[in-house]
Amino acid sequence: MTLLLTAIFRDYKQYWLKILCTIIGVIISLSLFIVIELFSYLFQVPSIEASLNVPYSHKLVHNHGKITQHDIHNLSQHPLLNRYIPYSDIYDYFNHPDIQSDVLVRGTDRFQLTAILSDTYLNNEKTTEIDISPFDLNETFLISKSCKTGSKITMISHLIQKPIQAICIQFDISQPVLLMDIALFQSLYSTNNSVDSMLFSLTQSEASQVKSILENQLTNFSLIALKKEQEQQSKWVNSLTYNLKFLAFISLIVSTCLMIQFFRFLAKQRAFMFTQLFQLGVSTRIIKKIFIAEVGIIALFSNVSALIIAYFIAIYSLDLFNQIITMFYFKLSSTKLVMHWSIILKSILASFGSFVFAYIGYFYGKAFGHHIRPIIKIGFVSLFFISFGIGTIFYYPSRWLVIFSAIAMISGFFGLCVSSISFIGHALRRIKSQRFVAFKMCRDTLLNDPLSYGAIVFVISLSAGLIISMSIFVSSFSNTVKSWLDT
């Protein structure tokens with residue numbers, strides 16, 4: 001069997017260019033799918049806002065900058081605005097073997113900070129591992145998933161060029177957070193003693209009264225509900241995740257169709273060789289094993305190459321991705337990529353599904369194109385799938401329904417491409433003019449292999465549609481940014 005496989009791979013010299021181009025296309029599309037999937041998993045790790053139990057409901061911000069001491073004095077004159085907690089944050093880069101990344105530095109009331117830490121991050125088992133001094137205003141706490149709870153580390157700040165000692169608290173969050181008292185924060189980062197916002201715990205009626213005061217007397221300030229702010233950020237994260245998952249899904253579909261075409265091409269090339277082997281006495285079982293081994297080696301090479309290339313591309317483009325998300329949505333400073341097991345599983349399933357589809361389509365799917373009734377059924381079922389997917393997305397936009405709707409629309413579009421190729425083949429039979437005799441001659445080619453040509457049309461249409469839609473999106477986005485800058 002090894003000798004037969006060696007002879008089969010040597011046969012690639014006859015059509016090496018087609019094989020090389022196809023494998024490169026498969027690797028590129030699979031790499032694109034893996035890169036997008038890696039980036040989409042950056043949003044799966046819980047953020048500090050999602051895990052921190054903040055005992056406040058609203059925050060007051062200045063519309064044109066930070067809140068100064070003079071502003072705080074004026075705000076404190078109102079009874080509803082004198083029970084506040086100062087709050088500021090800034091991003092700083094710290095140099096330490098356990099960190100070496102951007103850290104979100106937050107300053108707030110020291111006594112409230114101790115209660116928040118105890119309620120959120122420290123359970124009864126870990127309380128003995130950390131020594132908290134509630135009255136030490138110079139004490140800081142580093143929340144990170146890379147340091148051990150209770151350990152003390154000294155980090156060098158990039159902004160202020162000073163060492164800061166912190167007590168570590170290990171917690172699974174996407175970005176390290178350094179918590180400290182607001183007085184210490186102002187002495188280190190805010191020389192004018194200003195704060196970013198003021199936190200309040202207000203009821204709905206009190207919040208309405210405060211908004212009325214701000215609209216009539218203090219127009220430079222705005223009151224923001226923390227819950228609504230977190231919901232807005234959650235919507236952004238879900239929207240980004242859906243868009244990335246959809247792009248990854250399209251890339252996986254394109255690579256799957258390319259593998260289907262490649263495996264069908266191999267089956268055609270091996271048909272005569274396998275016939276000769278069978279006549280020489282080689283059993284059908286061994287012939288099938290040879291073909292499966294050939295396909296398996298190619299699929300393994302394509303998947304491993306795509307994983308390696310995608311991982312290096314994701315590493316080198318991670319900073320650019322962080323900058324884009326930070327510029328247009330929210331601060332993102334991810335430094336570590338996680339190769340989730342589902343990414344590898346999807347790649348393997350795509351290769352296996354491509355082989356099964358190509359095998360069934362080549363050996364059992366050649367005859368259905370000559371019959372008009374199954375073609376009509378496939379066309380109507382495809383239209384139903386497309387209509388179902390579009391209607392579900394617009395009227396029931398939940399997460400799992402969006403996934404099923406996308407699968408239904410893609411499947412329906414593929415079936416529509418296959419049925420359209422068959423309809424075109426049947427329509428060419430009616431041509432009687434000598435001018436179009438060349439078109440009439442290709443009808444048998446289309447009807448003998450509608451799945452193959454339908455897959456080609458599907459891939460080209462899907463790729464062209466993706467390019468057009470992304471061009472429209474980029475153009476509209478650039479026009480929006482340009483009009484915003486002009487105003």
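Keep in mind that the numbers below use all heavy atoms, side chains included, and drop hydrogens, waters and symmetry copies. Because the structure is a prediction, the values reported are computed rather than measured.
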Practice problem: For F249, look at atom CZ and say whether over 12 heavy atoms of other residues, nucleotides or ligands are found less than 6.0 Å away. | Solution: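 Yes - once you tally the heavy atoms of other residues, nucleotides and ligands closer than 6.0 Å, there are more than 12.
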Practice problem: Might you confirm whether atom CZ of F221 has over 12 heavy atoms from other residues, nucleotides or ligands at distances under 6.0 Å? | Solution: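 Count over threshold, so yes.
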Kindly say whether [Y] contributes a backbone atom to a donor-acceptor pair with the side chain of [X] at under 3.5 angstrom?
X	Y	answer
S347	I343	yes
T140	L178	no
N63	T219	yes
T149	Q170	yes
S411	A408	no
S354	A350	yes
D92	V103	no
E206	T203	yes
S305	S302	no
S57	L202	yes

Exercise. Report the residues that fulfil side-chain hydrogen bond (donor to acceptor under 3.5 Å, both in side chains) with D89, sequence neighbours left out, ordered by chain and then residue number.
Key: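 Result, side-chain hydrogen bond (donor to acceptor under 3.5 Å, both in side chains) vs D89: none returned.
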Quiz item: Do T68 and H70 have side-chain N/O donor and acceptor atoms under 3.5 Å apart?
Solution: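 The criterion, which ignores hydrogens and geometry beyond distance, is not satisfied for H70 and T68.
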Would a 4.5 Å heavy-atom cut-off, applied to side chains only, mark [X] and [Y] as touching?
X	Y	answer
Q186	V195	yes
D71	N220	no
I224	H58	no
I164	L188	yes

Practice problem: For the pair F458 and F413, name the ring-plane relationship: parallel under 30°, tilted 30 to 60°, perpendicular over 60°. | Solution: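 Ring orientation, 0 to 90° scale: tilted.
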Self-check item: Audit row: I23, F301, side-chain contact (heavy atoms from CB on, under 4.5 Å) steps and yes/no
Solution: CA-CA 9 Å; I23 291 180; F301 172 77; 4.1 Å; yes
